[in-house]
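These numbers come from the heavy atoms of this one structure, side chains and all, not from hydrogens, waters or symmetry mates. Each chain gets a letter, A, B and so on, in the order the sequences are listed, and its residues count up from 1. All of these numbers come straight from a predicted model, not from anything done at the bench.
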Amino acid sequence: MATPTWNNPIVKWIDYRLPVFSFMHHELVDYPTPRNLNYWWNFGSLAGIVLVIMIATGIWLAMHYMPHVDYAFDSVERIMRDVNYGWLLRYVHMNGGSMFFIVVYIHVFRGLYYGSYKNPREILWIMGVFILLAMMATAFMGYVLPWGQMSFWAATVITSLFSAVPLVGDAIVSWLWGGFAVDNPTLNRFFSLHYLLPFIIFALVFVHLWALHVHKSSNPLGIDMKGPQDSIPFHPYYTIKDTFGLGVLMVIWMFFVFFAPNFFLEPDNYIEANPLVTPAHIVPEWYLMPFYAILRAITFDIWFIPAKLIGVVAMFASILILLFLPWLDTSKVRSAKFRPIYKQFFWIFFVDCLILGWIGANPPDALFMDTVPLLIIGQIGTAYYFLHFVLVFPLLGWLERPRMVPESISAAVVAAEPPAPGSV
Amino acid sequence: MRRLFALATVLALSVASAGAASAAVGLKPEARDWSFDGVTGTYDRNALRRGLQVYLEVCASCHSLNLVAYRHLGGVGFSAEEIKAIAAEFEVEDGPNEEGEMFTRPARATDPFPQPFANDQEARAANSGALPPDLSVINKARKGGANYMYALLTGYREEAPQGFEMMEGMSYNDYFPGHQIAMPPPLVEDGVEYADGTKASVEQMSADVTIFLEWAGEPGMEDRKRLGIKVLLFLLVLTAMLFALKRKIWADLH
């Protein structure tokens, strides 16, 4: 992995003064990557590409969008009707939000399954949690911009949560709104922040990658690379694999853009915002529903603490608890492949998240099979969500007997594959 | 793990189908075959013209169509001359002129469709308190879309079911959430005389105006789908080639 010698005189001149070419060669071409990464490792680079596409389409949309309560809704429709390929920009951006979360959630669950957050990748993981938080804030504010009914009422519901803060709650809410209700100042600042945050995400992604490139990728076996026999250069092996993955994502994404563009959207958001009419069911976008379910699960005061405050704290805690995962998980073995019990609990947790998402999408007073109130299911789901972190993770590390972990990546790969040449 | 996963899928599916029924919801509209369905769907031009006629002669007396201008009617299949002629039948307010006066003139192709009421208050006053919604994106703004629109227009009953309390001036509709709708049945047999001689039954007019409103909400749908087929074919071929390339590059690893 020596620094390459450059033959092109211009490249040589630049690289001597600012070694960008050597840097890129080192980090993107020679960069040693475990040879056994499976397709679940595609989603990190996919998320990065989706971010770039979102920023690009967003900048062009911002050229035509008007952040004013009287014009926002119509300006979005003007983009759809009168701007050349405006409908394409908007539908790519709108569905891109959902694609971004699908990709990132798979990326996070991959990390959970293979223990990617463990020593020495704790900071890498923590940066990822910050990215997830920033994404949620960005997505929420972006959802407000078209100024439809769900935009307005989602903004009202979510900003009002801060009124649960003791003593200064109402003051905080007025400060967030820039007035006494969600109105023009709110829309203006959401637009400003929706434009700003993606660049902060971009910076966080850079730090995320920096930390990644120090100790390199984890892998399905969860054991460290011990020498050159365990790794392959990033290019061409993972550049082509990631490009193929991008092709698959594009097929799915563009299918929605061209043939089911409003699939992920609530019909109510095609009704212009009206502060005097509350929609029957206020629901967030699908990717926030599990957290919405956790928020609504807390319906009881604890001593003098009001239910609303506990709900808000629980909702934020459900994401922030991920920050502590590297220390809550006491198992020394990274990959669930060698953790028979954890593997089961991983899927229970996955199903729990799906159930919470479904609860978040439905009114809490509805009944499941005409008997069980959804609220109860949401409360059980919420309880399990937190127990999974504070009980299952620490206990399993102590109680579970992991299977034998292989000696090295190359040993495992050679043992697992038939010797016939040319097989993939 | 696999068993758990299967269990999860079954659970998720059964849960999703259970749904949450509530009294405030109307009947579920029946799914109909529309010409604009599917990846190659297009708008039926004759139905669009008839639907425009229904909108202009019936709906437009109460409902605005703010996002549609006469120039957009090219998408319905009208020529520039025809559009000019249609626009010229309407008077719009313009101005101020050099004397500072507002004046009226015949509408031009670039004008948006005129609004039936000067403001929301006037609209409410003329409709016993109810505000007729703008119809520009109405199909996209309702669960069920075109199916709901058609079901609503054909779903009126002369009498509410026995025991159902009706408020003064409301009509009973099977599909409207809560069943009480402020809009009286808008379409009556032969309510319009179709230029192409089609029999103007309530069902026919409902279908035509639903198609027209679908177009008003997504005038670029045909372009979108045409481009989409090309884009997806390109992506599928490209992705298949990338997969082959990936296999070839990785083949020397063993």
Side-chain angles (χ1 to χ4, degrees), chain A residues 35 74 77-78 80-81 87-88 91 148-149 232 236-237 240-241 243-248 250-251 254-255 257-259 261-262 265-272 280 336 343-344 346-348 350-351 354-355 358 362-363 365-370 374 377 413-414 417 419-424, chain B residues 1 4-5 7-9 11-12 14-16 18-22 24-25 38-39 66-69 72 133-134 136-145 177 217-221 223-229 231-232 235-236 238-243 245-254:
Chain A
R35 59 187 300 152
D74 283 354
E77 279 300 321
R78 206 186 90 81
M80 296 289 295
R81 288 153 194 270
W87 57 267
L88 184 57
Y91 279 154
Q149 272 290 67
I232 46 179
Y237 297 105
I240 182 61
K241 195 174 175 180
T243 313
F244 164 60
L246 177 64
V248 175
M250 281 299 154
V251 168
M254 292 305 131
F255 173 81
V257 165
F258 288 104
F259 300 113
N262 295 305
L265 197 72
E266 277 293 316
D268 270 13
N269 227 32
Y270 278 109
I271 304 170
E272 190 169 2
K343 196 191 267 184
Q344 311 257 350
F346 169 86
W347 288 109
I348 293 174
F350 178 73
V351 172
L354 292 184
I355 291 175
W358 160 66
N362 285 291
D365 52 356
L367 298 175
F368 173 55
M369 306 245 178
D370 293 329
L374 294 191
I377 302 176
V413 169
V414 169
E417 287 188 4
S423 62
V424 177
Chain B
M1 185 230 10
L4 256 175
F5 195 63
L7 183 80
T9 319
L11 199 73
S14 62
V15 148
S22 142
V25 178
V39 295
N66 286 333
L67 299 171
V68 178
H72 291 133
D134 182 78
S136 307
V137 284
I138 197 77
N139 282 11
K140 284 157 88 176
R142 295 291 181 273
K143 276 206 168 67
E218 280 274 326
M221 184 274 288
D223 287 342
R224 186 182 82 224
K225 286 180 176 173
R226 264 199 301 273
L227 182 60
I229 289 171
V231 167
L232 274 197
L235 282 174
L236 285 170
L238 177 73
T239 305
M241 281 170 22
L242 286 171
F243 182 62
L245 190 59
K246 189 260 166 190
R247 282 178 71 102
K248 187 162 165 25
I249 287 173
W250 279 66
D252 68 357
L253 266 189
H254 304 288

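Partners of B/Lys225 according to the salt bridge (Lys or Arg N to Asp or Glu O under 4.0 Å) rule, which considers only residues two or more places apart in sequence or in another chain, do not exist here. By the salt bridge (Lys or Arg N to Asp or Glu O under 4.0 Å) test, A/Glu272 pairs with no residue at all, sequence neighbours left out.
Residue B/Val231 touches chain A through its side chain alone, counting heavy-atom pairs closer than 4.5 Å. With a 4.5 Å cut-off on non-hydrogen atoms, A/Phe346 does not touch chain B at all. Heavy atoms closer than 4.5 Å to chain A are found in both the backbone and the side chain of B/Leu227. Residue contact with chain B, scored on non-hydrogen atoms closer than 4.5 Å, involves the side chain of A/Met80 exclusively. Contacts between B/Leu238 and chain A at a heavy-atom distance below 4.5 Å are absent for every atom of the residue.
A/Pro267 and B/Lys143 get closest at one heavy-atom pair: CG-CG, 3.7 Å. Residue B/Gly228 comes nearest to A/Phe259 through the heavy atom pair C-CZ, 3.7 Å, listed as atom of the first residue, atom of the second, then distance. Taking both residues in full, the closest heavy atoms of B/Thr239 and A/Val251 are given as OG1-CG2, 4.0 Å, listed atom of the first, atom of the second, then distance. Minimum heavy-atom separation, B/Leu232 to A/Met254: CD2-CB, 4.0 Å. The minimum heavy-atom distance between B/Arg142 and A/Ile271, with the atom names listed, is NH1-CD1, 3.4 Å. The two residues B/Leu235 and A/Met250 come nearest to each other via the heavy atoms CD1-O, 3.6 Å.
Remark: the backbone N or O of A/Pro261 is not paired with any side-chain donor or acceptor of B/Arg224 at under 3.5 angstrom.
The aromatic rings of A/Tyr237 and B/Trp250 sit perpendicular, their planes meeting at an angle over 60°, well past the 30° parallel limit.
At a threshold of 4.5 Å between non-hydrogen side-chain atoms, the residues B/Lys246 and A/Thr243 do not count as touching.
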